[in-house]
2 protein chains.
Amino acid sequence: MRADARENRARVLVVARELFAERGLEVPMAAIARRAGVGVATLYRRFPTKETLVMEAFAEQFAVCQGVMDDALKDPDPWRGLRTVIEKVCLLQACDRGFTAAFMASFPDLHSEARDRTWLGFVALVQRAKDSGHLRADFSPHDLTLVLVANGGLSSLPAEVAVASSRRLVAYLLESFRTGTDVLPPPVPLSLDLVLG
Amino acid sequence: MRADARENRARVLVVARELFAERGLEVPMAAIARRAGVGVATLYRRFPTKETLVMEAFAEQFAVCQGVMDDALKDPDPWRGLRTVIEKVCLLQACDRGFTAAFMASFPDLHSEARDRTWLGFVALVQRAKDSGHLRADFSPHDLTLVLVANGGLSSLPAEVAVASSRRLVAYLLESFRTGTDVLPPPVPLSLDLVLG
DNA sequence: CCTCAAGCGGACGGGGGTCTCCACTTAGCA
DNA sequence: TGCTAAGTGGAGACCCCCGTCCGCTTGAGG
């Protein structure tokens with residue numbers, strides 16, 4: 001690949017990340033091209049479809065996500081691990097308007113084996129947190145999805161407000177997860193696949 | 001107005017409510033017209049813009065909303081009033097995919113005097129609930145908006161799942177509102193106007 | 001039954017989105 | 001420096017949306 005082409009490709013990715021974070025995935029390809037100082041054709045030569053660009057742009061954050069989960073699984077204090085997963089992923093969602101949408105969209109594509117492994121890990125983490133006595137007994141692993149979808153709703157807010165709101169929402173929820181004593185409505189087997197209809 | 005015209009108008013409204021509830025406001029006008037068995041022109045003659053149709057279709061639910069708030073303000077038990085407001089409005093949101101969007105969109109248009117009066121009433125309700133000892137002291141009236149926006153995120157789910165999820169989310173949150181003892185991140189002055197940018 | 005205004009629906013204009021085609025430019029090597 | 005393949009950008013094909021125009025249809029009063 002020629003040097004100028006490589007440079008253009010990199011600039012497109014940077015700009016795409018910026019715009020997706022600011023305005024969400026519905027930002028037009030033409031806007032990305034313009035801000036990157038290239039033509040649309042250049043953009044489409046490097047990324048055959050918009051979806052390709054989105055996935056490439058968010059690959060890094062998906063990896064961060066995976067890392068957060070892995071760290072949590074290794075944490076000797078399962079409650080702290082659980083708390084941290086929720087806090088960090090929700091913060092990612094709140095900071096980046098496109099992240100939630102990209103995450104949902106990519107979900108069916110993610111290699112299902114890795115997905116299942118992560119999920120089973122999380123289920124185990126939940127069980128350990130319950131055994132440790134810090135997590136309410138009627139917490140369901142599906143509540144993670146519930147939190148993610150609800151927190152995703154905040155991404156329609158302006159960035160700073162979204163972050164502050166998310167922090168407060170998560171704090172409320174974690175407190176409920178920890179100290180719960182009342183009877184809750186039953187958990188919902190809430191897979192992210194459902195979001196797509 | 002001729003009899004057939006009146007009938008068509010009514011059928012359009014019914015169909016519009018159905019489709020908005022199922023698929024959200026982004027359902028095309030042509031789809032509504034088709035399902036109502038009329039042409040687009042007919043639809044536009046009765047409702048000059050899509051926004052008009054949306055407002056007309058949701059007018060009833062807005063009235064319900066206002067009624068819920070009024071009832072809550074009259075409830076002698078302020079904590080029950082507060083709980084009920086949150087539960088009922090969140091249920092409305094979860095049942096109807098278009099409701100949240102219509103509510104947000106209509107917000108700037110609603111006669112601001114009525115809006116402010118309702119808001120001040122809610123602030124008073126919050127204070128009374130705190131005084132009664134059932135609501136945590138650091139609850140902010142802005143947290144109502146936080147709950148609405150977060151719960152609105154669930155409307156991307158299929159209807160039945162959304163309702164069950166919303167119920168559980170609200171239960172978690174209400175429990176936190178009631179029994180709170182920990183220090184929360186500061187409340188965010190979160191007006192619905194912010195959603196629009 | 002006849003009339004005609006009210007009502008109707010499909011074709012169309014305008015705008016904005018994704019993605020393609022093609023004539024021109026330029027990096028990089030001999 | 002000259003050649004060439006890789007790279008480029010803008011015009012435009014195609015699609016979907018909102019909203020309008022206009023010739024045809026029909027309800028309902030005399």
Side-chain angles (χ1 to χ4, degrees), chain A residues 1-58 97-98 101-102 104-106 108-109 156 196-197, chain B residues 1-58 97-98 101-102 104-106 108-109 156 196-197:
Chain A
M1 201 156 110
R2 240 163 63 175
D4 54 346
R6 205 171 336 113
E7 195 177 305
N8 278 340
R9 189 180 191 283
R11 208 167 51 249
V12 162
L13 269 181
V14 169
V15 165
R17 275 191 268 262
E18 283 173 14
L19 289 184
F20 287 151
E22 280 170 30
R23 298 201 252 147
L25 299 189
E26 74 279 8
V27 63
M29 293 294 261
I32 298 173
R34 195 168 351 107
R35 181 129 140 200
V38 303
V40 224
T42 299
L43 202 156
Y44 276 100
R45 191 165 324 99
R46 299 306 162 208
F47 309 95
T49 69
K50 184 171 185 174
E51 199 194 334
T52 315
L53 174 59
V54 169
M55 288 312 151
E56 193 95 15
F58 284 100
R97 202 156 172 164
M104 305 290 191
S106 78
D109 297 341
S156 52
L196 310 173
Chain B
M1 201 154 110
R2 242 164 59 176
D4 55 345
R6 206 171 335 114
E7 195 177 306
N8 278 340
R9 188 182 193 281
R11 210 167 49 249
V12 162
L13 269 181
V14 169
V15 166
R17 275 191 269 262
E18 282 173 15
L19 289 183
F20 287 151
E22 279 170 32
R23 298 202 253 146
L25 298 189
E26 74 279 8
V27 62
M29 292 294 264
I32 298 173
R34 194 168 352 107
R35 180 130 140 199
V38 301
V40 244
T42 300
L43 202 155
Y44 276 101
R45 194 168 320 102
R46 298 307 162 209
F47 309 95
T49 70
K50 184 170 186 174
E51 199 195 333
T52 316
L53 174 60
V54 169
M55 288 311 150
E56 193 93 16
F58 284 99
R97 203 156 171 162
M104 305 290 191
S106 77
D109 296 340
S156 53
L196 310 172

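Per chain, numbering begins at 1; letters A, B, ... match sequence-line order. Just so it is clear, the structure is predicted and the values come from calculations on it, not from any experiment.
- Both A:Arg45 and A:Met29 lie near DNA chain C, and the one whose nearest nucleotide falls closer to the 5' end is A:Met29.
- Both B:Val27 and B:Met1 sit near DNA chain D, but only B:Val27 has its closest nucleotide nearer the 5' end.
- Side-chain proximity of A:Val40 to the nucleotides D:dG10, C:dT26, C:dG7 is greatest for D:dG10.
- Annotation: side chain of B:Val12 is not in contact with side chain of B:Arg46 (no heavy-atom distance under 4.5 Å).
- Looking at B:Leu13 and B:Leu53, their side chains come closer than 4.5 Å, going by heavy atoms from C-beta outward.
- Atom pair A:Arg34:CZ and C:dG16:P shows a separation of 12 Å (rounding to whole Å applied).
- Counting to the nearest Å, the C1' atom of C:dT20 and the CG atom of A:Leu43 are 14 Å from each other.
- Remark: P of D:dG7 and CD of A:Glu7 are 14 Å apart, rounded to the nearest angstrom.
- Residue A:Pro28 places its side chain closer to C:dG17 than to any other of D:dG19, C:dG7, C:dG17.
- In this structure, A:Lys50 atom NZ and C:dT20 atom C1' are separated by 17 Å, rounded to whole Å.
- Among the nucleotides C:dA27, D:dG19, C:dT18, the one closest to any side-chain atom of A:Arg2 is C:dA27.
- In the set C:dG9, C:dC8, C:dT18, C:dG9 carries the atom at the smallest distance from any side-chain atom of B:Val38.
- At whole-Å resolution of the value, CZ in A:Arg6 and C1' in C:dA27 are 12 Å apart.
- Salt-bridge formation is detected for the pair B:Glu56/B:Arg9: a Lys NZ or Arg NE/NH1/NH2 atom is positioned less than 4.0 Å from an Asp or Glu carboxylate oxygen.
- When rounded to the nearest whole Å, the span between CG of A:Leu53 and C1' of C:dC19 equals 13 Å.
- Nucleic acid contact class of A:Arg46 (heavy atoms, under 4.0 Å, all strands): sugar-phosphate only.
- Nucleotide D:dC18 holds its P atom 15 Å from the CZ atom of B:Phe47, rounded to whole Å.
- Counting non-hydrogen atoms under 4.0 angstrom, B:Ala41 reaches a base of the nucleic acid.
- No side-chain heavy atom of A:Tyr44 sits under 4.5 Å from any side-chain heavy atom of A:Thr52.
- Counting to the nearest Å, the P atom of D:dG9 and the CG atom of A:Asn8 are 6 Å from each other.
- Contact annotation for A:Ala33: no contact, since no heavy-atom pair falls under 4.0 Å across all strands.
- Between A:Arg35 and A:Glu22, at least one side-chain nitrogen of the basic residue sits less than 4.0 Å from a carboxylate oxygen of the acidic one, meeting the salt-bridge criterion.
- The side chain of B:Tyr44 lies closest to D:dT20, out of D:dT20, C:dG7, C:dC8.
- Proximity note for B:Ala5 (side chain, C-beta onward) versus D:dG9, C:dC8, D:dG27: the nearest is C:dC8.
- At least one side-chain nitrogen or oxygen of A:Thr42 sits closer than 4.0 Å to the OP1 or OP2 atom of D:dG9.
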